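These notes are about the structure you will find just below.
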Amino acid sequence: MDKSIAAKIQKENTAVARSKRKRMPSEPIKFYYLAPSPPCRAVMMAARALDLELDLIPTNIMDGDHKTPEYLKMNPQHTIPTMDDSGFILWESRAILAYLVNAYGKDDSLYPKNPRQRAIVDQRLNFDIGTLFPRYSNLYFPMLFRGDEYNQENADKLNEALGWLNIFLEKSAFVAGDNLTIADISIIVTITNLDAFKFDFSEHENLTKWFERTKKALEPYDWEDIDETGAQMLADFLKREH
Ligand SMILES: N[C@@H](CCC(=O)N[C@@H](CS)C(=O)NCC(=O)O)C(=O)O
């Protein structure tokens, strides 16, 4: 074979092998978090699923760790989670989830590249941040942080959102298709909280089955340690408030 053709084939093969190889961060990603925080829990589970090491930096928002000049310089919005991947700083848990899969996933199964499949994952993530989580927080934040009573109107609104999620799950095993994606990981933290708070969502059968299925899918990634333990901390806090 012509030497230049052989060299070209060799170069192409090496490039393919490299592109298939899993990329890893040059140093552990710094992760500013607090164990009970639902969005922090979602990112921690995804990092486990991606086999990524996080340099965990506890950031106690009750003590104001998120309002120090250093933290505000990094994230002026003073939210956790925030990550620092060798100087690349990002907050908003769903953006972090997408970044980690894009940057370090050995395949795209958690966040498919196919435009229509990805659009469904994005739709579910937008449903989560724009509808499900706000309805959860409208009910539980006043109870958690002000000691308010249970508000039935807000509970009905939350239940309506759970009904929509139940409909999404009529035709698929996971919230955005037939396999686990970052949308499941983002949504499960709210459902785990509801379970820990004893909010009854058993009327939503697809949702109940999905919850069991997703917990099982996340079992190899320390689901219980991260998600259940964090939700239980919040449930204990809720009990103390009432
Ligand atoms: N949409 C954001 C929400 C982040 C958020 O509000 N985190 C809470 C803790 S769970 C927080 O940082 N609260 C303190 C603050 O906003 O000052 C995400 O998903 O990352």
Side-chain angles (χ1 to χ4, degrees), residues 29-50 52 54-85 88-103 110-111 121-146 154 158 161 165 175-176 181-197 199 218 225-238 240-241:
I29 295 169
K30 290 197 183 80
F31 188 65
Y32 298 83
Y33 85 111
L34 197 62
S37 155
C40 295
R41 281 153 38 200
V43 175
M44 287 159 80
M45 286 192 285
R48 282 284 172 88
L50 292 163
L52 280 175
L54 296 178
D55 175 7
L56 295 173
I57 304 169
T59 306
N60 194 338
I61 55 177
M62 311 296 183
D63 292 346
D65 292 354
H66 62 321
K67 298 247 174 106
T68 63
E70 300 76 38
Y71 198 89
L72 290 173
K73 202 165 159 219
M74 183 176 66
N75 173 356
Q77 216 181 317
H78 51 76
T79 51
I80 51 166
T82 296
M83 58 139 248
D84 174 353
D85 184 5
F88 176 62
I89 290 162
L90 193 63
W91 59 95
E92 285 297 343
S93 58
R94 295 156 193 85
I96 298 174
L97 291 170
Y99 168 75
L100 293 181
V101 182
N102 288 337
L110 283 174
Y111 193 38
V121 177
D122 290 340
Q123 186 269 324
R124 304 307 195 229
L125 289 170
N126 279 287
F127 165 77
D128 184 25
I129 194 169
T131 302
L132 181 64
F133 193 77
R135 288 183 184 213
Y136 153 84
S137 52
N138 283 347
L139 176 62
Y140 282 108
F141 280 14
M143 294 169 73
L144 280 165
F145 304 118
R146 288 206 308 257
N154 288 342
L158 171 60
L165 189 51
V175 298
T181 66
I182 54 173
D184 297 284
I185 299 177
S186 186
I187 286 173
I188 198 174
V189 295
T190 294
I191 307 301
T192 310
N193 282 356
L194 295 181
D195 192 42
F197 298 171
F199 184 95
L218 290 171
D225 279 2
I226 297 171
D227 198 29
E228 196 173 53
T229 306
Q232 201 46 59
M233 285 177 187
L234 287 177
D236 293 343
F237 189 72
L238 187 64
R240 277 207 306 275
E241 289 299 296

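The first residue in the sequence is number 1, and the count goes up from there. Keep in mind that what you see is a predicted model, and the values were worked out from it rather than measured. Whatever order the structure lists them in is the order used to number ligands and atoms, beginning at 1.
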Could you list, one pair per line, each nitrogen or oxygen of ligand 1 together with any protein nitrogen or oxygen closer than 3.5 Å, giving atom names and the distance rounded to 0.1 Å?
from: ligand 1; atom 1: 1 (N); to: E92; atom 2: OE1; distance (Å): 2.7
from: ligand 1; atom 1: 7 (N); to: I80; atom 2: O; distance (Å): 2.8
from: ligand 1; atom 1: 12 (O); to: I80; atom 2: N; distance (Å): 2.9
from: ligand 1; atom 1: 17 (O); to: H66; atom 2: NE2; distance (Å): 3.3
from: ligand 1; atom 1: 17 (O); to: H78; atom 2: O; distance (Å): 3.2
from: ligand 1; atom 1: 17 (O); to: H78; atom 2: ND1; distance (Å): 2.8
from: ligand 1; atom 1: 19 (O); to: S93; atom 2: N; distance (Å): 3.4
from: ligand 1; atom 1: 19 (O); to: S93; atom 2: OG; distance (Å): 2.7
from: ligand 1; atom 1: 19 (O); to: R94; atom 2: NH1; distance (Å): 3.1
from: ligand 1; atom 1: 20 (O); to: S93; atom 2: N; distance (Å): 2.9

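Relative orientation of the F141 and F145 rings is perpendicular, given thresholds of 30° and 60° on the angle between their planes.
Ring centers of F88 and Y99: under 6.0 Å apart, within the cut-off.
The OG1 atom of T82 sits 6.0 Å away from the CD1 atom of I96 when rounded to the nearest 0.5 Å.
Closest heavy-atom contact between L110 and V101: CB-CG2, 3.9 Å. Of all heavy-atom pairs spanning I185 and A42, the tightest one is CG2-O, 3.3 Å.
Panel note: side chain R124, backbone A183; no donor-acceptor pair is recorded below 3.5 Å.
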